[in-house]
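Protein chains get the first letters and strands the later ones, always in sequence-line order, with residue 1 at the start of each. Bear in mind that the values here come from a model prediction, so they are computed numbers and not experimental data.
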Amino acid sequence: MATHVSVKQCLAPGGVDLGQTIMVQGWVRTRRDSKAGLSFIQVHDGTCFDAVQVVAPGDLDNYEDIVRLTTGASVRCIGTVVESKGKGQSVEIKADAVDVIGHVEDPDTYPVPAKRHTFEYLREQAHLRVRTNTFSAIARVRHCLSQAIHRYFHENGFYWVHTPIITGSDCEGAGEMFRVSTLDLANVPRTPEGDVDYAEDFFGKETNLTVSGQLNVESYCLALSKVYTFGPTFRAENSNTSRHLAEFWMIEPEIAFADLADDADLAEDFLKSILRTLLEELPDDMAFFQQRIDKTCIDRLTTFIDASFERMTYTDAIAALEQAVAKGEQFEFPVSWGMDLQSEHERWLTETHVGRPIVVMDYPKDIKAFYMRMNDDGRTVAAMDVLAPGIGEIIGGSQREERLDVLDARINEMGLEIDDYWWYRDLRKYGTVPHAGFGLGFERTMAFATGMANVRDLIPFPRTPRTARF
RNA sequence: UCCCCUGUAGCUCAAUUGGUAGAGCGAGCGGCUGUUAACCGCUAGGUUGCUGGUUCGAGUCCAGCCGGGGGAGCCA
């Protein structure tokens with residue numbers, strides 16, 4: 001009985017012995033016939049970038065069936081591993097049997113034949129696009145980076161915390177949320193005042209899908225010291241750009257007994273580590289991205305990994321931008337202390353000014369969230385953004401306000417309802433400690449890693465305004 | 001949500017100043033070949049996003065609607 005071997009093992013140096021009889025199972029990428037009486041079938045099974053060449057001799061019982069194989073059909077091939085007589089591969093499988101598991105019903109209308117397609121078209125074929133070179137490579141990168149992230153945290157003493165997807169928290173703040181409800185929309189219960197009566201709803205209160213696990217994970221941070229979340233996140237913003245999804249995955253580490261400098265150090269070490277892992281573990285896939293998607297892909301990553309991140313305060317960044325303007329640099333948006341940095345400013349800082357990744361720290365309090373720690377100057381908070389050449393902001397984080405009186409003052413100053421924050425404030429009442437963390441958008445990180453231009457192509461089934469197919 | 005672009009065979013695009021559609025790729029068939037972005041030949045395939053309007057005549061001009069993309073804002 002032939003052993004089932006993955007295409008990856010089959011093609012790996014030393015993965016199989018020449019002369020060994022094996023079985024591979026997968027899908028046909030292309031088929032080429034020779035009237036010399038044999039057919040060449042490229043079979044891929046998703047385990048690696050390359051497909052394996054199966055050579056089917058014309059004397060196979062079902063050869064008529066084999067020469068009708070088209071791109072996308074599924075096959076089980078049993079044969080001997082031999083040195084290839086042709087160019088383009090070192091080994092191939094000389095088939096003793098090629099069983100057709102599933103033909104393609106109508107090759108003329110098969111949505112992803114072996115030809116070039118636009119990414120826009122393939123988004124409409126999300127259930128089949130993963131059979132293409134690009135999207136199977138993306139799927140492997142997604143897995144590899146996910147594993148690298150978990151491994152990095154695990155090896156550095158972090159615990160993965162499963163913060164809730166459905167949140168009853170009234171204080172998450174950032175952005176529009178998706179409501180979670182079992183109320184009958186055609187017959188909504190009302191209070192005597194005429195408002196929607198959420199007491200009748202499943203949870204007895206208004207609930208939403210999470211926009212961030214940060215507030216919850218702070219709770220676990222202040223007991224487990226080093227924690228992180230990695231899960232789906234939802235924003236109901238009507239954002240139609242290549243960098244936004246309604247459903248995306250986010251990584252949010254949180255460290256106790258730590259300040260903003262520790263946070264920046266973690267961000268730098270973390271990013272370098274996971275990207276290094278990616279280059280080490282998926283060289284074939286990354287070579288593909290370099291060759292076909294983004295010529296600078298690998299160089300950009302190695303430069304990123306090798307460079308030390310510059311640290312700079314927001315105030316110094318503004319000063320540098322103002323000097324640049326004085327020397328004639330043109331920006332669409334004017335530069336002044338107190339404004340948020342526009343992406344053109346961020347790009348100038350990281351690409352032109354320092355020429356490597358940069359961590360901008362200590363932003364004006366008025367443009368940042370209530371939970372960020374107030375600095376001694378009274379006008380900036382301990383926030384940071386990591387900016388990278390060619391992409392701009394890749395990480396946003398902060399040291400959290402651990403002093404209850406200062407936190408309360410900020411909540412009141414921003415007009416927030418202090419009672420909504422009762423449990424968050426408890427964390428400051430009972431054994432508070434300085435702590436810090438950051439958020440990283442997973443699909444944006446993948447865009448940086450692969451050179452793919454649109455996050456809709458980096459998540460299997462993208463959700464965007466007016467689009468939730470599949 | 002705002003601005004710009006766009007919607008023609010399965011896919012990517014053509015179609016001069018409005019005169020009722022072509023190519024490449026893909027697919028099918030045949031030829032050739034230890035082939036590999038194969039190559040050569042033949043064939044099939046379109047109510048030009050939808051609705052209305054202007055006109056003798058609309059893929060082409062106008063309006064509305066629907067879809068797609070890019071940018072901005074928001075952010076991750």
For the side chain of [X], starting at C-beta, report the closest nucleotide among [options].
| X | options | result |
| --- | --- | --- |
| A/N454 | B/U1, B/G70, B/C11 | B/G70 |
| A/K115 | B/G26, B/A72, B/G68 | B/G26 |
| A/S34 | B/G28, B/U12, B/G34 | B/G34 |
| A/S239 | B/G73, B/U35, B/G69 | B/G73 |
| A/R466 | B/C74, B/U33, B/G68 | B/G68 |
| A/T241 | B/A72, B/G68, B/A27 | B/A72 |
| A/S84 | B/C25, B/G34, B/A27 | B/G34 |
| A/R456 | B/G34, B/G73, B/G69 | B/G69 |
| A/T467 | B/G69, B/G34, B/G68 | B/G68 |
| A/H244 | B/G73, B/A38, B/G67 | B/G73 |

If you look at every strand shown and take non-hydrogen atoms under 4.0 Å, does [X] touch a base, only sugar-phosphate, or nothing?
| X | answer |
| --- | --- |
| A/T118 | sugar-phosphate |
| A/G396 | nothing |
| A/R123 | sugar-phosphate |
| A/E393 | nothing |
| A/E92 | base |
| A/E443 | nothing |
| A/L245 | base |
| A/Y121 | sugar-phosphate |

Within the pair [X] and [N], is there a side-chain N or O less than 4.0 Å away from OP1 or OP2?
| X | N | result |
| --- | --- | --- |
| A/R243 | B/A72 | yes |
| A/S242 | B/G71 | yes |
| A/Q89 | B/G34 | no |

Roughly, in whole Å, what's the span from [atom1] in [X] to [atom2] in [N]?
| X | N | atom1 | atom2 | result |
| --- | --- | --- | --- | --- |
| A/Q214 | B/C75 | CD | P | 14 Å |
| A/N240 | B/G67 | CG | P | 11 Å |
| A/K94 | B/U35 | NZ | P | 17 Å |
| A/R116 | B/A37 | CZ | C1' | 8 Å |
| A/Q125 | B/G26 | CD | C1' | 14 Å |
| A/R29 | B/A38 | CZ | P | 12 Å |
| A/F119 | B/G70 | CZ | C1' | 16 Å |
| A/D33 | B/C29 | CG | P | 10 Å |

Residues which pass side chain to side chain donor-acceptor pair (under 3.5 Å) with A/R140, listed by chain and number, not counting sequence neighbours: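 For A/R140, the residues satisfying side chain to side chain donor-acceptor pair (under 3.5 Å) (neighbours in sequence not counted) are A/S136, A/D285.
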
Partners meeting side chain to side chain donor-acceptor pair (under 3.5 Å) with A/S242 (sequence neighbours left out):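 Here no residue qualifies.
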
[atom1] spacing across the pair [N] / [M], given as an integer number of angstrom:
| N | M | atom1 | value |
| --- | --- | --- | --- |
| B/A58 | B/U8 | C1' | 13 Å |
| B/G26 | B/U43 | C1' | 14 Å |
| B/U60 | B/C2 | P | 26 Å |
| B/C29 | B/G70 | C1' | 43 Å |
| B/C74 | B/G67 | P | 26 Å |
| B/A21 | B/A63 | P | 26 Å |
| B/G10 | B/A27 | C1' | 8 Å |
| B/G69 | B/G30 | P | 41 Å |

With a 3.5 angstrom cut-off on both distances, give the Watson-Crick or G-U wobble partner of [N], or none if there isn't one.
| N | result |
| --- | --- |
| B/U48 | none |
| B/U43 | B/A27 |
| B/C13 | B/G22 |
| B/U1 | B/A72 |
| B/C61 | B/G53 |
| B/G7 | B/C66 |

Contact check, side chains of A/F135 and A/L122, non-hydrogen atoms, under 4.5 Å: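 SC-SC contact between A/F135 and A/L122 confirmed.
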
Side chain to side chain, A/V91 and A/V16, heavy atoms closer than 4.5 Å: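 No. Closest side-chain heavy atoms not under 4.5 Å.
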
Donor-acceptor contact below 3.5 Å, side chain A/Q9 vs main chain A/G15: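 A pair under 3.5 Å: yes.
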
Donor-acceptor contact present, side-chain A/Y228 to main-chain A/I255, <3.5 Å: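 Flag not set: sc A/Y228 to bb A/I255 has no pair under 3.5 Å.
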
Salt-bridge criterion met for A/R243 and A/E393 (N-O under 4.0 Å):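 The answer is no: the pair does not qualify as a salt bridge.
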
Cationic N near anionic O, under 4.0 Å, A/E124 to A/R129: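 Salt bridge absent between A/E124 and A/R129.
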
Intermediate values then yes/no, side chain to side chain contact (heavy atoms under 4.5 Å, CB included), A/M452 and A/M446: CA-CA 8 Å; A/M452 291 290 293; A/M446 287 183 62; over 6 Å; no

Residue mapping more 5' on RNA chain B - nearest nucleotide basis, A/V455 or A/Q42: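 Its nearest nucleotide lies further toward 5', so the answer is A/Q42.
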
